[in-house]
Structures are given as structure tokens and as C-alpha cells.
Novice: 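Here it is: the structure, laid out below.
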Amino acid sequence: MKELRHYLRFSDLAREELESLFKLTSEIKKKYKTFEGRKTLQDRNLVMIFEKSSTRTRLSFELGISQLGGSSVYLNTKDSQLGRGEPVADSARVISRMCDLVMIRTYDQEMIETFASNSTVPVINGLTDQHHPCQVLADIFTFVEHRGSIQGATVAWIGDSNNMCNSWIEAAEVLDFTLKISSPPGYEPKNFSESDNVKFLLTPEAAVRGADIVTTDVWASMGFEKEKRLRKLAFQKWQVNNPLMAQASKNAIFMHCLPAHRGEEVTSDVIDGDQSVVWDEAENRLHVQKALMETLLLDY
Ligand code: CP
Ligand code: NVA
């Protein structure tokens with residue numbers, strides 16, 4: 001029997017495991033592109049629980065498990081007993097008896113931790129307020145495809161110190177690259193101290209200098225919609241635009257997990273420009289998550 005492992009935050013996989021995962025992702029992607037079937041998860045079932053909206057995460061998990069020969073069930077808070085007060089621990093005990101894998105998108109990380117500690121099958125974090133590890137897996141795989149190993153590279157995170165930023169922080173420590181964060185006053189990373197790998201810079205210009213990746217995200221994440229107007233004022237100088245990109249390394253690529261708000265955190269000329277790899281990142285969610293599901297379920 002495979003040892004029970006969850007993927008709740010980026011650091012749940014060690015560096016060697018991530019290297020194997022990226023190799024497996026390349027293989028899976030190549031085979032998919034050449035129409036070679038890969039039914040490694042035949043008869044296996046994934047339950048997806050969404051308490052927030054999604055396009056990419058839902059599609060990539062639902063299609064991913066189906067491409068591997070398995071199937072999925074979509075649950076949301078409104079239509080399930082989760083929204084009517086059934087305890088998370090009880091839901092986890094029941095749901096995990098009927099499937100092989102659970103993916104959850106929710107608000108507080110604590111919910112997913114509680115679910116995982118009562119689940120008899122692997123649980124994957126499909127985004128919480130605190131982390132978005134699957135997206136950063138896809139982003140790093142995208143960098144590897146375009147530029148090779150990320151070890152020793154420099155990544156500039158511009159804007160809100162949100163779930164994506166936290167997963168980048170963990171990735172920098174595990175995979176040994178430099179992350180330079182710049183956020184407006186009041187929106188800096190919480191419970192954070194600088195390390196050899198992770199630095200905080202006061203201005204976006206200082207953060208992007210020499211960066212190999214410039215990345216950003218919406219100014220108001222899901223669950224923070226009420227702060228939208230206030231944040232729009234605070235984040236004006238943290239927009240990724242052409243003058244800012246010009247200060248990064250000449251070969252720098254631009255990343256965004258999407259959905260993007262053109263004219264806010266990024267201008268159209270950057271996201272639609274030559275340095276942008278955002279559509280590769282989106283597609284790679286599919287391939288990297290198939291590798292993740294196999295890794296959690298199969299003995300390699
Ligand atoms: N990037 C991402 O997770 O997108 P969705 O919210 O559409 O799933
Ligand atoms: N930080 C964003 C990411 C969306 C994929 C949010 O949490 O809304």
C-alpha cells in the first residue's frame with residue numbers, strides 16, 4: 001500500500017521529489033501531445049470541493065483525471081452538506097471512504113488541514129487564502145521548459161503578499177533560488193523573515209533588477225473583494241508595465257497565475273507581449289497536476 005501523503009503546501013514535497021515530478025510532467029505532456037494514451041489511474045476517482053470560483057483549477061483537475069482513465073465528482077459548498085454545517089472532519093471521513101483522491105479549494109488553510117488529518121486518501125490544495133502550491137508547481141515547470149533549472153535564478157514577486165506569494169516563498173527555500181518581494185506598505189508578507197533565499201525590497205524597481213522571472217497577481221484575491229477600492233489606491237506603483245520589465249534581466253519572462261486584471265496589476269502590453277508565458281503556465285496546470293496525482297497514488 002502506498003504511504004498516505006497530502007499536498008497542502010509547496011514544501012510538502014522535497015527537492016528530489018520535485019525534480020522527479022517535473023521529469024514525469026515532461027513525459028506526460030509529451031505523450032499527451034502525441035496522442036499516446038496513458039491510463040495510469042483507471043477506475044480511480046477524484047472528488048473536487050470548491051468553496052471559491054475557478055476556471056483553470058477545475059478544468060485541469062477534471063480533465064486531468066479523466067485523461068489518466070479516472071473520473072471526478074464536483075462538489076461545492078452550496079449544494080453539499082458542507083454548506084449546511086456538517087463538520088469538516090465528518091465530511092472528510094465520509095468522502096475519503098468513497099474516492100481515491102480529494103482536491104479542495106477553500107478559504108482558510110485550517111479547513112484543508114482538518115480535512116486532511118481525517119482523510120484516508122491524499123488531499124491536494126487547489127488554493128486557500130494562504131497557499132496556492134499547484135499553481136507554483138506549474139509556474140516552475142514552465143520556467144524549466146523555457147530556461148532550464150530554477151536553482152540559482154532570481155524571481156521578482158510584485159504586489160500583494162497573498163497565497164501565491166507564500167507558495168513562491170516556500171518554493172525558493174526548497175528549490176534554492178532567490179525570491180525578491182516588493183509589496184506596498186501594509187501588504188507585506190505576514191509572519192515572514194528574510195533568509196538567504198527570500199528578500200523584501202521597498203520598491204518594485206529594486207525587486208525586478210536582474211530578475212529572470214517577473215511575476216504578479218491580482219491586487220484583491222478571492223475573499224478580499226470588499227478591500228478592492230482601497231487596494232487599488234495602495235497598489236498603483238506596483239503595476240508590472242513595460243518600463244518596469246525593462247529593468248529586469250534581458251531574458252526575463254513574465255508570469256501571472258490568471259485571471260488577470262489588465263490595466264491594474266499588469267498592462268496589456270506586458271501580458272500580451274513577447275516575454276509573457278502566461279498561457280504556457282495555464283496549460284501546464286493540466287500536465288503538472290496529472291504528474292502530482294500519479295505521484296500521490298502510484299508507487300514509482
Ligand atoms: N490560476 C488559477 O488557479 O485559476 P482559477 O481560479 O481559474 O482556477
Ligand atoms: N490570489 C488569487 C489567485 C487566483 C487564482 C486569489 O486567491 O484569488
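Scope of the values below: all heavy atoms of this structure, side chains included, with no hydrogens, waters or symmetry mates.
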Novice: Q247 side chain to V208 main-chain N or O, any donor-acceptor pair under 3.5 Å?
Specialist: no
Novice: Can you check side chain to side chain contact (heavy atoms under 4.5 Å, CB included) on V277 and F143, steps first, answer last?
Specialist: CA-CA 9 Å; V277 296; F143 181 82; over 6 Å; no
Novice: Starting at CE of M222, measure out to OG of S53 and round the result to the nearest 0.5 Å.
Specialist: 6.5 Å
Novice: Which atom pair, heavy atoms only, marks the closest approach of V214 to A248?
Specialist: CG2-CB, 3.8 Å
Novice: Can you tell if the side chain of W157 reaches within under 4.5 Å of the side chain of D217, non-hydrogen atoms only?
Specialist: yes
Novice: Run the numbers on T142 and V288 for side chain to side chain contact (heavy atoms under 4.5 Å, CB included), then give the verdict.
Specialist: CA-CA 10 Å; T142 304; V288 88; over 6 Å; no
Novice: Yes or no on side chain to side chain donor-acceptor pair (under 3.5 Å) for N284 and E145, after CA distance, side-chain angles and deciding distance?
Specialist: CA-CA 10 Å; N284 283 334; E145 278 190 316; 3.0 Å; yes
Novice: Would you check if the side chain of N76 reaches a backbone N or O of F50 as a donor-acceptor pair within less than 3.5 Å?
Specialist: no
Novice: Are E283 and K33 ion-paired here, with the side-chain N under 4.0 Å from a carboxylate O?
Specialist: yes
Novice: Give the C-alpha distance, both sets of side-chain angles, the deciding distance and a yes or no for side chain to side chain donor-acceptor pair (under 3.5 Å) between D269 and T267.
Specialist: CA-CA 5 Å; D269 44 14; T267 53; 2.6 Å; yes
Novice: If you look at every heavy atom in S54 and R105, which pair is closest and at what distance?
Specialist: CB-NH1, 3.4 Å
Novice: Taking all heavy atoms of N118 and all of A89, pick out the closest pair and write down the distance.
Specialist: ND2-CB, 3.4 Å
Novice: Answer yes or no: is there a side-chain heavy-atom contact under 4.5 Å between L13 and L292?
Specialist: yes
Novice: Taking NZ, NE, NH1 and NH2 as the nitrogens, is one of them in R15 or E19 under 4.0 Å from a carboxylate oxygen of the other?
Specialist: yes
Novice: Using atom types as modelled and distance alone, determine if a side-chain donor or acceptor of Q275 lies under 3.5 Å from a backbone N or O of A252.
Specialist: yes
Novice: Minimum heavy-atom separation for S221 and N163, please, with both atom names.
Specialist: OG-OD1, 4.2 Å
Novice: Ignoring hydrogens and angles, tell me if any N or O in the side chain of D212 forms a donor-acceptor pair with the backbone of T154 under 3.5 Å.
Specialist: yes
Novice: How many angstroms lie between SG in C134 and CE in M103, if you round to the nearest 0.5 Å?
Specialist: 8.0 Å
Novice: Using a 3.5 Å distance criterion without hydrogens, assess whether the side chain of Q236 forms a donor-acceptor pair with backbone atoms of K232.
Specialist: yes
Novice: Could you go through the side chain to side chain donor-acceptor pair (under 3.5 Å) check for D176 and N197 one step at a time?
Specialist: CA-CA 7 Å; D176 191 23; N197 295 100; 3.1 Å; yes
Novice: Taking atom types as modelled and ignoring hydrogens, do the side chains of S182 and W238 form a donor-acceptor contact shorter than 3.5 angstrom?
Specialist: yes
Novice: Between R97 and T120, do the side chains contain a donor N or O and an acceptor N or O under 3.5 Å apart?
Specialist: no
Novice: Examine L75 and V123 and state if one hydrophobic cluster contains both, with Ile, Leu, Val, Met, Phe, Trp and Tyr joined whenever side-chain heavy atoms are less than 4.5 Å apart.
Specialist: yes
Novice: Could you walk me through whether R38 and I28 pass side chain to side chain contact (heavy atoms under 4.5 Å, CB included), step by step?
Specialist: CA-CA 8 Å; R38 185 183 176 92; I28 288 175; 3.4 Å; yes
Novice: Before accepting this row, confirm whether a basic side-chain N of the pair R9/D12 lies closer than 4.0 Å to the acidic partner's carboxylate O.
Specialist: no
Novice: Is it possible for you to check whether K29 lies under 6.0 Å from the centre of the six-membered ring of F141, through NZ or CZ, and within 45° of that ring's axis?
Specialist: no
Novice: Tell me whether L24 is reachable from L286 by hopping between hydrophobic residues (I, L, V, M, F, W, Y) whose side-chain heavy atoms are closer than 4.5 Å.
Specialist: no
Novice: Side chain of E225, backbone of G223: donor and acceptor closer than 3.5 Å?
Specialist: yes
Novice: Is it true that L21 and L68 fall in one hydrophobic cluster, defined by side-chain heavy atoms closer than 4.5 Å?
Specialist: yes
Novice: Hey, what do you get for CD (E36) to CD (E27), rounding to the nearest 0.5 Å?
Specialist: 10.0 Å
Novice: Between CD of E3 and CG of D299, what distance do you get to the nearest 0.5 Å?
Specialist: 10.0 Å
Novice: Are more than 12 heavy atoms from other residues, nucleotides or ligands located less than 6.0 Å from atom NZ of K2?
Specialist: yes
Novice: What are the two closest heavy atoms between H261 and E265, and how far apart are they?
Specialist: N-OE2, 2.8 Å
Novice: Please confirm whether the backbone N or O of D108 pairs with a side-chain atom of Q130, one donor and one acceptor, at under 3.5 Å?
Specialist: no
Novice: Are the side chain of K199 and the backbone of K180 linked by a donor-acceptor contact shorter than 3.5 Å?
Specialist: no
Novice: Could you grab the distance from atom OH of Y107 to atom OG1 of T128, nearest 0.5 Å is fine?
Specialist: 12.0 Å
Novice: Is R231 paired with D160 through a side-chain N to carboxylate O contact shorter than 4.0 Å?
Specialist: yes
Novice: Going only through I, L, V, M, F, W and Y residues with side-chain contacts under 4.5 Å, is there a path from I253 to L179?
Specialist: yes
Novice: Give a yes or no on whether the backbone of E113 and the side-chain of S117 come within a donor-acceptor separation of less than 3.5 Å.
Specialist: yes
Novice: Should the pair W168 and F177 be assigned to parallel (<30°), tilted (30 to 60°) or perpendicular (>60°) ring geometry?
Specialist: perpendicular
Novice: Whether the Q135 and D139 side chains hold a donor-acceptor pair (N or O, under 3.5 Å, no angle test) is what I'd like checked.
Specialist: yes
Novice: State the CG-OG distance between L175 and S11, to the nearest 0.5 angstrom.
Specialist: 11.0 Å
Novice: Give me the atom names and distance for the closest heavy-atom approach of G126 to H132.
Specialist: O-CE1, 3.8 Å
Novice: Within the distance-only criterion (no hydrogens, no angle test), does the side chain of S96 pair as donor or acceptor with the backbone N or O of V121 below 3.5 angstrom?
Specialist: no
Novice: I would like to know whether T295 and E17 meet side chain to side chain contact (heavy atoms under 4.5 Å, CB included); could you show each step before the answer?
Specialist: CA-CA 9 Å; T295 300; E17 292 174 311; over 6 Å; no
Novice: Would you sort out whether E188 and S161 count as a side chain to side chain donor-acceptor pair (under 3.5 Å), showing the intermediate values?
Specialist: CA-CA 6 Å; E188 301 94 342; S161 300; over 6 Å; no
Novice: Could you check whether D129 pairs with K52 (Lys NZ or Arg NE/NH1/NH2 to Asp/Glu carboxylate O, under 4.0 Å)?
Specialist: yes
Novice: Using the rule that two of Ile, Leu, Val, Met, Phe, Trp, Tyr join whenever any of their side-chain heavy atoms come within less than 4.5 Å, decide whether W279 and V240 are in one cluster.
Specialist: yes
Novice: Is there a side-chain contact between I49 and T106 in this structure, where contact means two heavy atoms from C-beta onward sitting under 4.5 Å apart?
Specialist: no
